[in-house]
Amino acid sequence: MKKTTLPVGMHDKLFKRARVTYTIEKNISELLMEKGFHRIETPTLEHFEVFGDEINISHYNLFDKKGELLSLRPDITSQIGRVIASTQVETPIKFSYSGKVFHYNEEMRGLINEHTQAGIEIVGFPAEEAVLEALLSAKEALEIAQVPSYQFECSHAAILQTILRDLALPQEVQQELIRDIVDKNITKLKEFTKRYPSEFDGLIEQLPYLFGDSQTVLEAARALTDNAAILASLAELEELITQVSPSLKQVHLDLSQWPSMPYYTGLMFKVFGDKVPDAFVSGGRYDKLFERFGARELTAVGWAIDLDAVYQAVHDHLEEGGT
């Protein structure tokens with residue numbers, strides 16, 4: 001008997017869901033091209049090294065006939081880095097894309113492992129200009145997808161990266177600290193500062209509380225540190241929020257936000273909605289990515305929108321019924 005079940009984490013999209021998701025992808029893609037983003041399509045399969053220097057067990061890996069290890073792409077931004085480094089594409093340039101990405105989740109969590117994304121990459125432009133355009137274009141994409149309500153939440157990769165670099169912890173301890181920060185585990189963070197005292201004790205212990213209204217968070221964070229790199233990151237966040245406030249209204253901060261991609265180096269942002277448990281948009285600045293492929297450092301900012309999550313956010317507002 002032939003199997004009729006799907007692999008764990010895979011799902012069929014039927015009828016209404018397939019139609020609506022396709023329409024959202026098409027509308028966002030057309031919007032971005034109209035705004036001057038060059039359309040790019042990258043292969044679903046790549047050499048695994050494109051996505052990291054070591055094998056990642058959360059990636060779908062397979063061997064080709066020559067024994068080369070390949071990966072189903074877990075993200076598209078890394079592929080953009082490979083394109084910039086391996087072709088004659090001239091910068092500055094702006095890309096837009098859409099397509100499938102694959103990321104293996106624990107089976108018992110019930111999460112899907114195949115997602116449809118659309119997104120942008122702004123490469124080689126002045127940083128402030130690129131960050132502002134990224135945030136505003138993400139807002140336009142959400143609007144054309146008719147997402148009824150959403151909240152932008154920003155942070156800065158350098159804040160936690162500075163703490164971890166200066167502490168110089170063993171790898172296992174570092175991973176545990178990152179997990180406790182992301183989980184906002186107040187008790188374990190206090191235990192950590194007792195075991196590994198440093199100038200960052202007050203900031204580390206207060207990270208679970210440093211989220212919400214931007215000005216409140218900035219004032220509280222500045223009172224907890226005199227580290228120059230962290231203060232510079234906070235100043236960068238404040239300047240950005242001032243710039244985007246007329247368009248995005250209220251922007252929240254979450255200083256315990258860990259980079260969703262290892263190549264983020266500066267501003268990071270996520271967008272949350274009422275009916276979606278995880279962020280359905282994530283983005284940030286990643287100037288160091290291109291050096292992995294032997295190219296020079298370039299200012300780069302991008303975001304990706306999870307179209308399956310967007311469908312969850314909008315399907316209750318759709319007029320027609322269906323599957």
Using side-chain heavy atoms (C-beta onward) and a distance below 4.5 Å, is [X] in contact with [Y]?
X    : Y    : result
I181 : W258 : no
E176 : E172 : no
L210 : L253 : no
F51  : D75  : yes

Regarding [X] and [Y], is there a side-chain donor-to-acceptor distance under 3.5 Å anywhere?
X    : Y    : result
R39  : S98  : yes
K13  : T21  : no
Y104 : N56  : no
H156 : E236 : yes
H59  : S71  : no
E121 : Y286 : yes
K288 : T265 : no
S256 : D254 : yes
S155 : Q257 : no

Does the pair [X]/[Y] count as a salt bridge with the N-to-O cut at 4.0 Å?
X    : Y    : value
R82  : E46  : yes
R292 : D53  : yes
R222 : E238 : yes
K94  : E133 : yes

Please check: side-chain N/O of [X] versus main-chain N/O of [Y], any donor-acceptor pairing under 3.5 Å?
X    : Y    : value
T225 : N227 : yes
T87  : I84  : no
T193 : K190 : yes
E140 : L32  : no
D306 : D308 : yes
D180 : L177 : no
T216 : G212 : no

Interatomic distance, L255 atom CG to L203 atom CG [nearest 0.5 angstrom]
7.5 Å
R195 and E191: salt bridge (charged side-chain N to carboxylate O under 4.0 Å, His left out), yes or no, with the steps?
CA-CA 6 Å; R195 284 189 298 156; E191 291 175 355; over 6 Å; no
For V314 and I24, run side-chain contact (heavy atoms from CB on, under 4.5 Å): C-alpha distance rounded to whole Å, both residues' side-chain angles, the deciding distance at 0.1 Å, then the answer.
CA-CA 10 Å; V314 305; I24 293 171; 4.2 Å; yes
Considering all heavy atoms of both residues, which atom of [X] and which atom of [Y] are nearest to each other, and what is their separation?
X    : Y    : value
N113 : V8   : ND2-O, 3.2 Å
F290 : V123 : CZ-CG1, 3.7 Å
V173 : Y196 : CG2-OH, 3.5 Å
W303 : A138 : NE1-N, 3.6 Å
C154 : V251 : SG-CG1, 3.7 Å
Y97  : I40  : CB-O, 3.5 Å

Around [X], counting heavy atoms of other residues, nucleotides and ligands shown, do more than 12 lie under 6.0 Å from its [atom1]?
X    : atom1 : answer
K100 : NZ    : yes
E54  : CD    : no
I57  : CD1   : no

side-chain contact (heavy atoms from CB on, under 4.5 Å) assessment of I230 paired with I163:
CA-CA 9 Å; I230 293 177; I163 293 173; 4.0 Å; yes
